[in-house]
S.K.: 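Can you read through this structure? Questions will come right after.
Residue numbering restarts at 1 for every chain, and letters A, B, ... go by the order of the sequence lines.
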There are 2 protein chains.
Amino acid sequence: MRIPIQEVTPDLEKATIAGWVHEERDLGGLAFFLIRDRTGIMQVTVPKKKVPEAVLHAIKEVSRESVVRVTGIIKATEKAPGGRELVPESFEILAKAASPLPLDVAEKVPAEIDTRLDARFLDVRRPRIASIFQIRSRVMEATHSFLFNEGFINITTPKVVAAATEGGTELFPIAYFEKEAFLGQSPQLYKQMMMAGGCEKVFEIGPIFRAEEHNTVRHLNEATSIDVEVSFADHEDVMQLLERLMRTVYQAVADDCADQLAHLGVTDPAIPDTTLPRLPYAEAIEIAARKSEDPIAYGDDLGTASERIIGEEMGAHYFITEWPTAIRPYYAMPNERDPSICNAFDLMHPRMELSSGAQRCHIHDQLVEQIRSKGLSPEGFEFYLKPFRYGMPPHAGWGLGAERLVMTMCGLQNIREAVLFPRDRHRVTP
Amino acid sequence: MRIPIQEVTPDLEKATIAGWVHEERDLGGLAFFLIRDRTGIMQVTVPKKKVPEAVLHAIKEVSRESVVRVTGIIKATEKAPGGRELVPESFEILAKAASPLPLDVAEKVPAEIDTRLDARFLDVRRPRIASIFQIRSRVMEATHSFLFNEGFINITTPKVVAAATEGGTELFPIAYFEKEAFLGQSPQLYKQMMMAGGCEKVFEIGPIFRAEEHNTVRHLNEATSIDVEVSFADHEDVMQLLERLMRTVYQAVADDCADQLAHLGVTDPAIPDTTLPRLPYAEAIEIAARKSEDPIAYGDDLGTASERIIGEEMGAHYFITEWPTAIRPYYAMPNERDPSICNAFDLMHPRMELSSGAQRCHIHDQLVEQIRSKGLSPEGFEFYLKPFRYGMPPHAGWGLGAERLVMTMCGLQNIREAVLFPRDRHRVTP
């Protein structure tokens, strides 16, 4: 049976490997192939006079990026990667790759992001790109086990919904039989309803869809959201949960993905501190206003430019807290002492926002009032408001963008790099 | 701070609990409340002459299913559940529930499924219903850790797609800016493309959408699919993987969800055997034909009635193998010796199909031919076919319906019971 390339050590006598032809070189009497599988790369050395006829036939036929299975003798050598090479007794082409390739897997020719995404199946064969998705998978694994260990229940809420989370904008309509329906923007309302369901600690990792028309390197029209909601908790409780999650996830990647980080040029995984700074919104605005070219005042949203200025000042992950109630969604709980600010927060990477959360308003009549004060109609939220009449506990939660987490962790410039098949204004294929 | 009810033992002196008023009973000088949180139920006993005025006021005010926080002395008593009761020093109403409730949480009045789904937030407060979703969460947890332990990479593929998996039927169209797009029926084509990407072992757990018009107790229009794909593997390899997964998941639920299974009346968790029977399709048809009232012949699909007849005969989980190529999708690999059958399989529970899988056709020209032979146009599959020209390894995989797995494990009659907010022909809310 085939063994992973990583497990082929110089002390093995014989091995069968399978993978892709990463490089080929013919020196006349001697031919060299680098064979790549997902665990590594190894050299196959073909002394043409010493191998069977069938091997000679195959190596003449094979092309770069073809899939091959090779069996042979393992020899220790300092000249080959991993200190060993394989001299083939058999060399079988499982799938021949056509030439030329639409994309250079050996990364000698840099390619534009659109060319890469059009041939994503080739792009992800590149060790640097494969590393991103190995790290993403490790992030997902660490997140799942962290939340299960914290006693959370994994829930699945519908992506086909009848109403928007925050009013009627940025929705993709679906032709759902004879009904009006949309793609869900966020599991927000559903995870809150599950608090009325007595589930107490829930999480969901799933797709969210936003019909934002602008194309930026930080936005996707289909993204993955890591969502939690906790009963009998306030914003401070769930901020601490988020701090623990961030540390756990960063630590997992630092421990298990050293090679992948190296491929990406990340020399310091920069594991977040146990306690992250809490920067009140008013102070954040002051920092932005001091250095910004445009006028910025209390009550403004924090745009890309402001986030960058504040991020430079802070230098590492931090929370922005004590947001004006006026610029947060209706479901945030106003502060008890000063209702002009609310118990909402954003978790920030120096480059951008990663997560938004809050203690939620759990009081029915107050919530109706808050929906109205945002210019929305409570009638459109009837299915959401009903649970608040029959025993809704105090609760808090957050949503964390999986792609932004991976993007900032890996130092990627475009969020599309963190998604296998990104969806944006112009792209629905492959 | 509040502690979970399960952790309130008779030897504690004092405790604060929080939860929902499950039942209330007033005997004049003495009042009893059962308080329920997600970990259990405990009795609060109120000797009216001995508690503070504020407690008397609160217990007069409170209604069933209100959320309360109660602090008091713990006393051992054999008369209360868990052998202890709480005598309150404080009794705080966090959220008062309106009366009457749209659904009886104490389960004394049976309710129709539609009434229950309309008030799902109350329905899931019932210990029996909560058990289903606790088991579902345990299934998800066990599935994730099993697949990570087996070396799989977790991937996320798009739900907004430009083409159907198996032709143009049963798709929900989306208004995606100025483009034509649909909701994904299956990650099938994407996970196969990732095999060309060199990912070798991938899994995804995510939503799938099918615009089936008929409403049955076994179908959903939005469901959760557990999908795997493995390179350098054939159908037998991934059947064995599925056997290991099934045992692991059943074992995890048997070990950790005994109370939940008891609530559901499941006395025997029926952990599947290490090796499940392989029943060739031809034999399955024979069994069905022997006992069926309608004529059934080789080449027919297996309908609900046939599945039930065969399931009764088999009595436990089993595979149906050696399917006629003609009735399986184009991407199945025909059998080398007899191409009229293919390397496809279904994993069956005695009640219904749980999973479908196959060794896939990885050879470009053969795949094009197979697409044509199903009356489909290869042009519509260009984005999918392209990877097959540039080094596609042999591969195999399956998709497993999460709801059917939970439904059969828990002995549920309607698949909607296994989904928090099911979507069907008539339901897009709540």
Side-chain angles (χ1 to χ4, degrees), chain A residues 2 18 20 38 65-67 94-95 97-98 101 121-122 124-125 130 133-134 137 140-141 144 148 153-160 162 172-177 179 181 183 190 193 196-200 206-207 222 224 232 362 383 387 389-394 420-421 423 425 428-430, chain B residues 2 18 20 38 65-67 94-95 97-98 101 121-122 124-125 130 133-134 137 140-141 144 148 153-160 162 172-177 179 181 183 190 193 196-200 206-207 222 224 232 362 383 387 389-394 420-421 423 425 428-430:
Chain A
R2 167 220 185 199
W20 287 259
R38 76 163 183 167
E65 293 306 321
S66 294
V67 181
L94 298 179
L101 296 164
F121 67 97
L122 282 173
V124 297
R125 289 188 199 170
F133 295 100
Q134 286 158 8
S137 177
M140 288 302 179
E141 181 180 5
H144 272 99
F148 281 125
I153 284 183
N154 177 229
I155 61 168
T156 307
T157 68
K159 306 311 157 202
V160 173
F172 290 116
I174 312 166
Y176 191 82
F177 304 118
K179 288 185 196 302
L183 282 177
Y190 287 96
M193 287 194 276
C199 298
E200 298 192 31
E222 177 176 349
T224 303
F232 307 109
H362 67 284
F383 78 101
R389 286 197 288 273
Y390 298 100
M392 174 64 92
L420 283 173
F421 301 96
R423 292 295 178 252
R425 186 87 171 82
V428 283
T429 51
Chain B
R2 168 222 184 197
W20 287 258
R38 78 163 182 166
E65 294 304 321
S66 295
V67 181
L94 299 179
L101 297 164
F121 67 97
L122 281 174
V124 297
R125 288 188 200 170
F133 294 100
Q134 286 158 6
S137 177
M140 289 302 179
E141 182 180 4
H144 273 98
F148 281 125
I153 284 183
N154 178 229
I155 61 168
T156 306
T157 68
K159 306 310 155 204
V160 174
F172 290 116
I174 311 166
Y176 191 82
F177 303 121
K179 288 185 197 301
L183 282 177
Y190 288 96
M193 287 194 276
C199 298
E200 298 194 29
E222 177 176 349
T224 303
F232 308 109
H362 66 285
F383 78 101
R389 285 197 288 273
Y390 298 101
M392 173 65 91
L420 283 172
F421 300 98
R423 292 295 178 251
R425 186 88 170 79
V428 283
T429 51

S.K.: So which of Arg389(B), Met193(B), Glu141(B) has the largest heavy-atom pair count under 4.5 angstrom toward chain A?
M.R.: Glu141(B)
S.K.: Is it the backbone or the side chain of Ala18(B) that comes under 4.5 Å from a heavy atom of chain A, or both, or neither?
M.R.: both
S.K.: Just so I understand: if I count every heavy-atom pair under 4.5 Å between each of Pro173(B), Ala130(B), Ala95(B), Ala162(B) and chain A, which residue has the most?
M.R.: Pro173(B)
S.K.: Looking only at heavy atoms, which two atoms of Val428(B) and Lys179(A) are closest? And how far apart?
M.R.: CG2-CD, 3.7 Å
S.K.: Between chain A and each of Gly198(B), Ala98(B), Pro387(B), count heavy-atom pairs under 4.5 Å; write down the option with the most.
M.R.: Pro387(B)
S.K.: For Tyr190(A) and Pro430(B), work out which heavy atoms get closest and say how close.
M.R.: OH-C, 3.2 Å
S.K.: Under 4.5 Å, counting heavy-atom pairs only, tell me which of Phe133(B), Phe383(B), Phe232(B) racks up the most with chain A.
M.R.: Phe232(B)
S.K.: Shorter than 4.5 Å, heavy atoms on both sides: which option in Thr157(B), Thr224(B), Ile174(B) has the most such pairs with chain A?
M.R.: Ile174(B)
S.K.: Mind ranking Leu122(B), Leu101(B), Ile155(B) by heavy-atom pairs under 4.5 Å with chain A and telling me who comes out on top?
M.R.: Leu101(B)
S.K.: For the interface with chain B, which of His144(A), Met140(A), Glu65(A), Met392(A) has the highest count of heavy-atom pairs at distances below 4.5 Å?
M.R.: His144(A)
S.K.: For the pair Tyr176(A) and Phe172(B), name the ring-plane relationship: parallel under 30°, tilted 30 to 60°, perpendicular over 60°.
M.R.: parallel
S.K.: In terms of heavy-atom proximity below 4.5 Å to chain B, should Phe421(A) be classed as side chain, backbone, both, or neither?
M.R.: both
S.K.: Shortest non-hydrogen contact from Leu94(B) to His362(A)?
M.R.: O-NE2, 3.8 Å
S.K.: Check each atom of Pro207(A) against the heavy atoms of chain B and say whether the ones under 4.5 Å are side chain, backbone, both or neither.
M.R.: side chain
S.K.: Donor-acceptor check, side chain of Trp20(A) to backbone of Gly391(B), threshold 3.5 angstrom: yes or no?
M.R.: yes
S.K.: Taking 4.0 angstrom as the limit, do Glu200(B) and Arg2(A) come out as a salt bridge?
M.R.: yes
S.K.: Would you say that Gln134(B) contacts Ile153(A) through its side chain, given a criterion of any heavy-atom pair below 4.5 Å between the two side chains?
M.R.: yes
S.K.: Sort Thr156(B) into side chain, backbone, both or neither according to what part of it lies under 4.5 angstrom from a heavy atom of chain A.
M.R.: both
S.K.: What part of Pro394(A) lies closer than 4.5 angstrom to a heavy atom of chain B: side chain, backbone, both or neither?
M.R.: side chain
S.K.: Please classify the contact between Glu222(A) and chain B as side chain, backbone, both or neither, with a heavy-atom cut-off of under 4.5 Å.
M.R.: side chain
S.K.: Less than 4.5 Å to any heavy atom of chain B: does that hold for the side chain of Lys159(A), its backbone, both, or neither?
M.R.: both
S.K.: Please look at Ala175(A) and chain B and tell me whether the side chain, the backbone, both or neither of the residue comes under 4.5 angstrom of a heavy atom of that chain.
M.R.: both
S.K.: To check you understand the geometry: which heavy-atom pair defines the closest contact between Ala97(A) and Ser66(A), and what is its length?
M.R.: N-OG, 2.8 Å
S.K.: Within the 4.5 Å heavy-atom criterion, are Arg425(A) and Phe177(B) side-chain neighbours or not?
M.R.: yes
S.K.: Is the shortest side-chain heavy-atom distance between Ser137(A) and Phe148(B) below 4.5 Å?
M.R.: yes
S.K.: Among Gly206(A), Cys199(A), Ala181(A), Ala196(A), who wins on heavy-atom pairs under 4.5 Å with chain B?
M.R.: Ala196(A)
